2 protein chains.
Amino acid sequence: MPEVDYQRFRERVAAWQPELVREVFRQHQHLIRVKKEEVALDRLDLILRTALDISNRKGFKSMSVRDLSEATGISMGALYAYIDSKDGLLDMIMAYGSVAARWAVQVPDQVVGARSRLDWVLRSHLYLSEVLLPWFFFAFMEARHFSQRAREQAMGSELWMERLISECLEEGNASGEFAVARPDLAGALIKSLLQDWYLKRWKYRRRNVDVEAYTGTVMEFIEAWVLPDRSTAPGRVQTDQSSRVNHEKGSV
Amino acid sequence: MPEVDYQRFRERVAAWQPELVREVFRQHQHLIRVKKEEVALDRLDLILRTALDISNRKGFKSMSVRDLSEATGISMGALYAYIDSKDGLLDMIMAYGSVAARWAVQVPDQVVGARSRLDWVLRSHLYLSEVLLPWFFFAFMEARHFSQRAREQAMGSELWMERLISECLEEGNASGEFAVARPDLAGALIKSLLQDWYLKRWKYRRRNVDVEAYTGTVMEFIEAWVLPDRSTAPGRVQTDQSSRVNHEKGSV
DNA sequence: GAGTGTAGAGCGAGCGCTCGCTCGGTTTTT
DNA sequence: AAAAACCGAGCGAGCGCTCGCTCTACACTC
C-alpha cells in the first residue's frame, strides 16, 4: 500500500548524499579560501557534521569557534579558511538541509490520488528527518536566532509543507477519499506529529521505537481522522466509499 | 460535555496566580538580598516576566544581564539583589512554571470515567499553556541548556504528562470507552499536539485560531482515533456504548 | 634525482570587545 | 540616623576573528 518504504528511501538518498557537501561548497565558494575542491570537501563535511553535533548539545550560540576547532582537530586559522564567519557557518548548515529537502520531497508524477499523495509526502518527510535528524533538530531549535530574512524563509518553508498536506486533504475531500472538517488546521496538526519524531528522539530511542513503527502509528492516527470510515484494527482494507457512514451533521 | 472550559479555567487561575511570585520568592528567599516581601514581589514579577520575554526572542544565553537591566529599568547592582546569578534566575523561572503546573493540572475527584478524565487532562494542559505561554515556550526551548539535574527533571515531567494520558487511554480500553492500539505511543503523539499550541503560536495567531477553536479541533482529532466508533461531524452525541461497531480485528 | 621556487594549506598567540558579576558610594525609607 | 534599597564604573574571563608565520606538495631546472 505505501508508495515508499524506509529501505527504498535510504537507497535513493544514498545516491545523492555525497553530492550534498559539494553543492554547499560550490554555493559558498566565493567565501571559502581553500581552492582545491577535493581537499575542501572532506573537511567541510567534517566541519558541518561536528558543528551540528555540538550545536545540538549546547546550542549554536554557546558553541565557541574554539570548541569547533578542538572537536574537528582543525586549527582556528585553518577553520576560517572554510568559513567566513560564525554566521556564515550557519548559512552553510542551513543550505545543506535546504538542498536535501529540495532533492527529497518532490512528489513524482506516477503518484496519483489524494491518499497516495498524502502517504508519499508524509513518509518522505519522516524518512528525510530520520536521515538528517541533526539538521532538522538544529533548524527547528535555532530558527529564532536567524536573521530576519532567514527566519522568514524558515517560516515560509514550514507553511509550504503545511499547505502541501492541506492540499492533499482538500483534494481528498473533493474526490470523496477523505472527509475532514478543517483541512487548514488539520495540516498544521499533522505537521506537528511529523515534527515530534525529530524533536523528541531521545524518548522514542529509549522505547525502541524505530522510524517505521513511528510512521506506521502516525499514518494510522491520521487516517483514522481523515478517512470517511474506518476500523481501528491495523491491516484493514476499507478504502472504498461504499462503507461510509452517513453522519448526521445537525445532531445535537 | 467538556469538564471545563477556558473561561472557567481562567477564573480559577486568576485566584491563585498572584500568589505564584510569592511562592517563588519564598522558595528562593535565602538567595535574595532584598528583605521586605512586599517591596520584592513587584520587581521580582517584573524581572521574571521581562526575562521570559527577552529570552523567548533571542534565547536565554544571548540575553545579557545588561539587557535585562535596561529592559526592566533596574540597575545591575539592584538586579543582583534579586537574583544570585544568571543560572539562579533560570531556576526561579523554572520554579514559577513548576508551581503553576502543580496547582493547575491535578484531576479533581468528581471527574470520573476515562473519557472525562482525558478531556480534563488535555484541556487543563492546553489552557494552562495558553495562560503561561511564555513560560511553556521557554521551558521547551531552553531545556537542553539546563544542568543535568534540571534536564532530567524536565524529561521526567514530560514523561509524567504522557503517562497521565496513556493511563487514561488504557483505562478507557479496559472499560470499552476507547479502542486504541498502542496507548504508549498514542500518549506521546497526543502530547505533541498539545505542544504545537505554544511552540507555533505565531502560526495560529496569524490565522485567528484561538485556544478554544484549537482545543476543539484537537479533541475531535484525538477522539476520532481513540473512540471505538465515530462520526466526523462536529457536535455529535454518540457517547454510549450501544452504538459501537463491532470491528473485526483479523480482517486483512 | 637532487636542488629550488612557489602556491596552497595549516597554525595558534593575540587583538578588541562583551560577558557575568562585584563593590564602594549614594539615595530612599522608616 | 540607621537600615534598606539602589546605582554603575570596573574586574577578569571568554568570545569571534586576524595575521605573521610555518609546513607540505609539486613543477621546473640542471
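As the structure is a computational prediction, the values presented were derived from the model and not from experiment. Quick note on labels: first sequence line is chain A, next is B, and so on, each numbered from 1.
Atom NZ in A:K35 sits roughly 11 Å away from atom C1' in C:dA9 (whole-Å rounding). Put simply, CG on B:L46 is 15 Å from C1' on D:dC6, counting in whole angstrom units. Computed from coordinates, the B:I32 CD1 to D:dC6 C1' distance equals 16 Å when rounded to whole Å. If you take CD of B:E38 and C1' of C:dT30, they are 16 Å apart, rounded to a whole angstrom. Residue B:L68 contributes atom CG, which lies 13 Å from atom P of D:dC7 at whole-angstrom precision.
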Can you list, pair by pair, the side-chain donor-acceptor contacts under 3.5 Å of residues 136-148 of chain B, counting residues two or more places apart and other chains?
residue : atom : partner : partner atom : Å
B:E142  : OE2  : A:R144  : NH2          : 3.0
B:E142  : OE2  : B:F60   : N            : 3.0
B:R144  : NH1  : A:S55   : O            : 3.0
B:R144  : NH2  : A:E142  : OE2          : 3.0
B:H145  : ND1  : A:K58   : O            : 3.4
B:S147  : OG   : B:A150  : N            : 3.4
B:Q148  : NE2  : B:E152  : OE2          : 3.0

Under 3.5 Å, sequence neighbours excluded: what are the donor-acceptor pairs made by side chains of residues 98-108 of chain A?
residue : atom : partner : partner atom : Å
A:S98   : OG   : A:M94   : O            : 2.9

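Phosphate proximity of D:dC6 to B:Y82: present, with a side-chain N or O under 4.0 Å from OP1 or OP2. Taking side-chain N and O atoms only, B:R43 has a distance below 4.0 Å to OP1 or OP2 of D:dC6.
Side chains of B:L193 and A:F221 form a contact here, defined as non-hydrogen atoms less than 4.5 Å apart.
Electrostatic pairing of B:E162 and A:R206 does not count as a salt bridge here, judged by no charged N lying under 4.0 Å from a carboxylate O.
Annotation: A:R49, atom CZ; neighbour count of heavy atoms from other residues, nucleotides and ligands within 6.0 Å does not exceed 12. With a 6.0 Å radius and a threshold of 12 heavy atoms from other residues, nucleotides or ligands, A:K203 has its NZ atom above the threshold.
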With sugar-phosphate taken as primed atoms, P, OP1 and OP2 and all else as base, the protein-contact string of nucleotides 12-28 of chain D at under 4.0 Å (heavy atoms; B, S, -) is ---BBBBB---------
